[in-house]
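What follows is a short report on a single structure.
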Amino acid sequence: MPPAQGGPAAPPARQRAGRVLVLATVFICAACGLVYELELVALASYLIGDSVKQASVVLSVMVFAMGVGSLLAKRLRCRAAVGFGLLEALLALVGGCSALVLYATFAWIGESRYALVGFSLAIGMLIGAEMPLLMTLIQRISRRAEQDAGGTVADLFAADYVGALVGGLAFPFLLLPWLGQLTSALLTGAVNAVAGGALVLWLFGRDLTTRARRLLLVSNVAVLGVLATATVLVDDFERAARRAVYGERVRVAVQTDVQEVVLTGGRGEPPELFLDGRLRVSGRDEHRYHRALVHPAMHGPHARVLVLGGGDGLAAREVLRYGDVESVTVVELDPGVVRLARHDEGLARLNGYAYGEPRVRVVYGDAFARLREAVAEGASYDVVISDLPDPGITASTKLYSAEFYGLAARVLTDGGRLAVHAGPMASRPHTYWTVDATLRSAGFTTRPYRATGRLSGFAAGPDRSTGGGAAPYDWGFFLAARGEAPPDPGAVEGVRQVAGAPLRGLPPSTLVHPRYGE
């Protein structure tokens, strides 16, 4: 008869080789666990928005669940080998399929929050149960477990932390750019299952009953079969999910080094551009937005214009309507957006083939960093157009900070103007007026204004272009100048100044104290 699970069984390999194998498994499992965690955080930000809040939910729920999993694992210590093998198979299945399920709930139900919390709890509990079982297994290998308990703990935690480091670096720099979110999770699940199953069957196979070995083999083969099938079908799933989210008119869908870029619209139809699931350009009403953003700032000298963001070329199109503009510099983070704006016929026609103009120069990089470089180089501009993502998106916070506007002030010529997109005024007044407070703290005099008649947004269900809630019906802006008051933006057709006073008591936003998720 095979030895009892809890008894002191001699391992099939030598002590040292067995310890190394266990520590290698700890390393792999820790890397896989962190990939699952980062996958949930990335998907939460992409599908739900407000990355700080969603990351806090995922991390806090997972840490709590890990504690619960550690307590529950005590019940499995008497059958540590088979328990660990089944645990890793389940973790591989849940973690590997988590991205698919979350994306499916977003595409077909329109709500991913409950699924996100559920996966955070499940994955956290399974990860938390790993360490107590691994501690039991490595102690069974060592003949001097009691004397070497401190060293064993140190070895396990060292392997765990180094594995987490590797997984944390592999996700953004290797897995996500090369495989994408869905395939990355599936591949990680497969590695997780193989590592856990191989450890138990190779090192502790003689300790298991025939029934336990068969159960582990069947479980791992079934999990690998599910993950492999999902990997084969992932492209079809992504196409179906995109059709559910964006409709049947998806023309371009690419994952650049920065974001997912989706362009919709058939021949002769106005295109729509989505970046990471958020609607950035709608051909039905973008002219209202870009006319309101650009033209008020062009009253006055405008020979040299700097456009921050606006890789779609639409703000540049409006600037180029002024024949006496000498140069337009567009600062864009994602070269993929500019390539699309240059070469896609629908988007290029919409931007008036702005990138074919010799007066337009494109600089790639982060707007904050490029603005700092412009200050260092002594560059100056008559007009700065801030065509940046909505300030309600946490990742955009630094581009609406007092530091950022201080840099913008330093590149403006005397009498120069700064135009800022500040999000919808009517539906998010707190965010809108915080931008005003921030501009004033940087020494600007401001004129608030808005443009109405917004048509963009989903016809029903949550508006994924704004991260949830009803689609806004206006765009809010500020026209700012140093010293004297900027010109009246209401002179531009379709633009009206905002009446009334700003909300009182709002502090300006800084890099240390962002306020835009509220």
Side-chain angles (χ1 to χ4, degrees), residues 28 31-48 58 86 88-116 118-120 122-123 126 167 170-172 174-198 216-257 259-264 274-277 336 461 464:
I28 294 172
C32 293
L34 200 64
V35 170
Y36 298 143
E37 187 174 326
L38 295 175
E39 190 77 48
L40 290 178
V41 171
L43 279 169
S45 176
Y46 171 69
L47 301 178
I48 303 174
V58 170
L86 293 175
E88 291 306 300
L90 182 59
L91 178 58
L93 180 64
V94 174
C97 295
S98 59
L100 280 171
V101 176
L102 282 171
Y103 203 87
T105 59
F106 170 76
W108 284 283
I109 300 176
E111 176 58 71
S112 300
R113 288 179 174 84
Y114 299 113
L116 175 69
F119 276 110
S120 300
I123 294 174
L126 294 170
F171 178 72
L174 181 63
L175 296 176
L176 197 57
W178 287 93
L179 300 176
Q181 290 177 323
L182 304 185
T183 306
S184 295
L186 293 168
L187 178 62
T188 302
V191 172
N192 201 164
V194 169
L216 279 177
L217 279 171
V218 171
S219 299
N220 279 277
V221 169
V223 168
L224 290 173
V226 170
L227 296 176
T229 302
T231 302
V232 171
L233 299 176
V234 73
D235 289 339
D236 293 333
F237 171 84
E238 285 185 322
R239 283 192 289 269
R242 284 196 186 103
R243 286 196 297 270
V245 175
Y246 303 112
E248 299 291 334
R249 301 176 300 116
V250 175
R251 190 165 74 248
V252 178
V254 295
Q255 178 69 49
T256 70
D257 292 338
Q259 59 201 337
E260 183 188 56
V261 180
V262 175
L263 187 66
T264 69
F274 297 83
L275 303 181
D276 272 348
R464 298 177 178 92

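FYI, side chains are in, hydrogens and waters are out, and symmetry mates aren't considered; it's all heavy atoms of this structure.
Without hydrogens or angle criteria, N220 side chain to L216 main chain gives a donor-acceptor distance under 3.5 Å. Listed for the S184 side chain is a donor-acceptor partner under 3.5 Å among the backbone atoms of L175.
Expressed to the nearest 0.5 Å, how far CG of L116 lies from OG of S98 amounts to 9.5 Å. With values rounded to the nearest 0.5 angstrom, R242 atom CZ is found 13.5 Å from E248 atom CD. Considering CG of L102 and CG of L182, their distance stands at 10.0 Å, rounded to 0.5 Å. Within the model, atoms CG of L186 and CG of L227 stand 6.0 Å from one another, a figure rounded to the nearest 0.5 Å. Atom CG of L233 is separated from atom CD of E238 by 11.5 Å, given to the nearest 0.5 angstrom. Atom CG of L93 sits about 5.0 Å away from atom SG of C97, to the nearest 0.5 Å.
Side chain to side chain, Y46 and E260 meet the donor-acceptor criterion of an N or O pair below 3.5 Å. At a cut-off of 3.5 Å, with distance as the only test, no side-chain donor of Q259 or D276 sits close to an acceptor on the other residue.
Between A42 and Q181, the shortest heavy-atom distance links the atoms CB-NE2, 3.8 Å. Closest approach of G189 to Y36, counting heavy atoms only: CA-OH, 3.3 Å. Heavy atoms only, all atoms of each residue included: R251 and T264 are closest at NH1-O, 3.8 Å. A89 and S219 get closest at one heavy-atom pair: CB-CB, 4.5 Å. Across every non-hydrogen atom of A122 and V94, the tightest pair is CB-CG1, 4.2 Å. The two residues G167 and V35 make their nearest non-hydrogen contact at O-CG2, 3.7 Å.
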Apply the test side-chain contact (heavy atoms from CB on, under 4.5 Å) to residues F119 and V101: give CA-CA distance (whole Å), side-chain angles for both, the deciding distance (0.1 Å), then the verdict.
CA-CA 9 Å; F119 276 110; V101 176; 3.6 Å; yes
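Under the 4.5 Å side-chain criterion, counting only non-hydrogen atoms from C-beta, V252 is not in contact with V261. Contact of the L40 side chain with the E37 side chain is not registered, since no non-hydrogen atoms from C-beta on lie closer than 4.5 Å. The closest side-chain heavy-atom distance from L47 to Y103 is below 4.5 Å. Between Y114 and E111 there is a side-chain heavy-atom pair separated by less than 4.5 Å.
Within 6.0 Å of atom CG in D257, 12 or fewer heavy atoms from other residues, nucleotides or ligands are found, so the atom counts as exposed in its surroundings.
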